[in-house]
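Reckoned from all heavy atoms, side chains included, excluding hydrogens, waters and symmetry mates. All values derive from a computational prediction rather than experimental measurement. A note on names: the letters A, B, ... follow the listed sequences, proteins ahead of strands, and every chain is numbered from 1.
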Amino acid sequence: MPELPEVEVLVRHLQQVLPGRRVAKVSVIREKSVRPNKAAEFAQALLRHRFDTVQRRAKFLIFTLSAKSFELSLIGHLGMTGRIYVQKKTAPLPKHAAVVIELDRGRFVFEDTRYFGRMTLDRTCLNNLGPEPLSNEFEWKTFHRGLQHSGQAIKVRLLAQDLVVGVGNIYACEALFRAGIDPRATSSQLTREQVRHLQRCIQETMAEAIALGSTLPLDLAGTESTDGLFYFGQKRGVNTYEERLLVYGRKGEPCYRCQAKIQRIVQAARGTFFCPRCQTRRIRNRPQSRGWRRARRSVKSHPLWGSRVAQW
DNA sequence: CACCATGTTCCTTG
DNA sequence: CCAAGGAACATGGT
């Protein structure tokens, strides 16, 4: 269940639940899910340690544990379909449980249907990551400099995790729509104004998603068939949050801003959704023009958008 | 059967 | 050597 906002909301939840609990037993059910450590050494190292903190860096979860004077970091990545939760010892294990850690109270479960996720004690995966999008380190001048050296399409470039972390396929589409930038535009062709605008749109997209996800009734304890995903929100009777996304998954549907049909194309083997009228490759001299501000207000005042997100 | 899916890494190509 | 493109990983939903 990744992308930065989903991981952030999960981390905040786990930080409330996990600290203080001790590791009683470690079962690596899917050996490949523990890399590059060996399953046996991984399990042995964690034994009898106590969870202290839960943090996030990019889409990684970082658990710190200690035993007497020994400290260690457990790093997790959810891949495409990973979930992490603490369940009751009596609850049944999920079909695709990858790593199970029995605690003094309850059970830590890392399940992963497609097994693209992983757990490790090796911190080197945290090297070479770009700045956090919601930190001061995400600075538009550096962002601009990085983009100028690239001939890749901007949408593809955003996914590389070196100029900025945490932006995945869905939020890349959303941020580019908000910024009015064609996902096919060559990175180096973006103007300084477009880059500055895109930087702010990425931050808005992330911040609003975290804020929204913090209030939805997510199944962070792994008890239901629902999960901790909130790209599409939750289906709860009449209260449907499905239309929260502005372009992703809306192929053929009318753009909320201009009614043109949303297009789906493939870039780097991933689906990209965009509005062919609102998102242009052309360089806009005045990206903050009155017309554009009016358009963004109209997007935000769409009944299914404003009611759920504008409150933040 | 066809096509789609939230991510990253490795290999090949130019 | 480098940048960019594509396959691979693995399973399930529609």
Side-chain angles (χ1 to χ4, degrees), chain A residues 1-11 29-36 56-61 75-84 94-98 110-120 122 124-130 133 146-175 183-189 205-206 209-210 212-213 216 218-220 225-235 241-242 244-245 247-252 262-273:
Chain A
M1 68 153 211
E3 291 210 42
L4 184 148
E6 287 69 32
V7 179
E8 176 65 24
V9 170
L10 173 61
V11 162
I29 295 163
R30 186 87 174 194
E31 303 242 336
K32 282 187 177 176
S33 293
V34 172
R35 285 171 295 146
R56 178 192 60 74
R57 173 78 174 99
K59 299 170 193 170
F60 292 94
L61 298 100
I75 320 277
H77 196 293
L78 299 173
M80 295 269 266
T81 54
R83 301 177 69 191
I84 288 176
K95 182 179 178 185
H96 296 291
F110 170 42
E111 76 160 299
D112 190 4
T113 306
R114 290 173 72 180
Y115 300 108
F116 289 175
R118 64 195 160 112
M119 305 217 83
T120 183
D122 186 341
T124 55
C125 59
L126 301 177
N127 299 340
N128 308 318
L129 288 172
L147 291 175
Q148 280 191 309
H149 298 312
S150 173
Q152 278 183 307
I154 182 63
K155 154 75 182 336
V156 177
R157 196 68 193 77
L158 286 179
L159 300 178
Q161 310 297 305
D162 58 340
L163 299 181
V164 61
V165 299
V167 180
N169 200 42
I170 292 174
Y171 292 123
C173 294
E174 294 295 303
R184 299 164 295 186
T186 302
S187 300
S188 58
Q189 286 177 337
T205 304
M206 292 289 151
I210 292 168
L212 177 75
L216 291 175
L218 304 171
D219 177 27
L220 296 172
S225 56
T226 56
D227 57 26
L229 274 181
F230 54 86
Y231 301 110
F232 310 104
Q234 297 285 292
K235 291 182 189 173
Y241 300 80
E242 297 260 356
R244 187 171 67 78
L245 299 177
V247 281
Y248 187 85
R250 301 194 64 245
K251 178 185 177 183
I262 300 301
Q263 281 189 19
R264 179 186 183 277
I265 59 173
V266 173
Q267 294 180 289
R270 324 282 313 253
T272 298
F273 296 84

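Side-chain nitrogen and oxygen atoms of K32(A) include none within less than 4.0 Å of the OP1 or OP2 phosphate oxygen of dC9(C). Residue H77(A) places no side-chain N or O under 4.0 Å from the OP1 or OP2 atom of dG7(B). Contact annotation: Q161(A) side-chain N/O to dT8(B) OP1/OP2 distance is under 4.0 Å. Between R270(A) and dG7(B) there is a side-chain N or O to OP1 or OP2 distance below 4.0 Å.
When Watson-Crick and G-U wobble pairs are counted only if both distances are under 3.5 Å, dA10(C) pairs with no nucleotide at all. Under the Watson-Crick and G-U wobble criteria, each requiring two contacts below 3.5 Å, nucleotide dT6(B) is left unpaired.
In terms of heavy atoms, E3(A) sits closest to G168(A) at OE1-N, 3.0 Å.
Without hydrogens or angle criteria, T120(A) side chain to I75(A) main chain gives no donor-acceptor distance under 3.5 Å. In this structure, the side chain of S188(A) does not engage the main chain of G151(A) through any donor-acceptor pair within 3.5 Å. Judged purely by atom type and a 3.5 angstrom limit, D112(A) uses its side chain to pair as donor or acceptor with the backbone of G117(A). Distance alone, capped at 3.5 Å, places no donor-acceptor pair between the Q267(A) side chain and the T272(A) backbone. Between the side chain of R56(A) and the main chain of A58(A), a donor-acceptor pair closer than 3.5 Å is present.
Judged by distance alone, with hydrogens and angles left aside, R114(A) brings a side-chain donor or acceptor within reach of the base of dA5(B), the pair sitting under 3.5 Å.
Side-chain contact, D122(A) with T124(A): a donor N or O sits under 3.5 Å from an acceptor N or O.
Taking the nucleotide of DNA chain B with the nearest heavy atom to each of L159(A) and R264(A), the more 5' of the two is matched to R264(A). Toward the 5' end of DNA chain C, the nearer of the two residues Q152(A) and R30(A), judged by each one's closest nucleotide, is Q152(A).
Nucleic acid contact for K95(A): sugar-phosphate only, since backbone atoms but no base atoms lie under 4.0 Å from a heavy atom of the residue. Counting any heavy atom pair closer than 4.0 Å across all strands shown, R157(A) reaches no nucleic acid atom. As judged by a 4.0 angstrom heavy-atom cut-off over every strand, R35(A) is placed among residues making no nucleic acid contact. Among the heavy atoms of the strands lying under 4.0 Å from G151(A) are primed sugar atoms or P, OP1, OP2 only; no base atom is included. Residue R118(A) is in sugar-phosphate contact alone, with no base atom involved, counting any heavy-atom pair closer than 4.0 Å across all strands shown.
One interatomic measurement links the two molecules: NZ of K59(A) to C1' of dT8(B), which rounds to 9 Å at whole-angstrom precision. Atom-to-atom, NZ of K155(A) to P of dG5(C) comes out at 13 Å; the value is rounded to the nearest Å. At whole-Å resolution of the value, CG in L163(A) and P in dA3(C) are 12 Å apart. What separates CD1 of I265(A) from P of dG5(C) is a distance of 13 Å, to the nearest Å. Between K251(A) atom NZ and dC3(B) atom P the separation is 11 Å, expressed in whole Å. Rounded to a whole Å, the CG atom of D112(A) is 11 Å from the C1' atom of dT6(B). Counting to the nearest Å, the P atom of dC9(C) and the NE2 atom of H96(A) are 18 Å from each other. Rounded to whole angstrom, the span from the CG atom of N128(A) across to the P atom of dT8(B) amounts to 14 Å.
Look at the C1' atom in both dC9(C) and dC1(B): the space between them is 23 Å, to the nearest Å. As rounded to the nearest Å, dT9(B) and dG12(C) have P atoms that lie 24 Å from one another. Comparing the P positions of dG13(C) and dT8(B) gives an interatomic distance of 23 Å, to the nearest angstrom. Spacing of P atoms, dG6(C) relative to dC4(B), comes out at 15 Å, to the nearest Å.
Among dG5(C), dT8(B), dA10(C), the nucleotide with an atom closest to any side-chain atom of Y115(A) is dA10(C).
Between the side-chain ring of F116(A) and the base of dG7(B), a stacking contact exists by the 5.5 Å and 30° definition.
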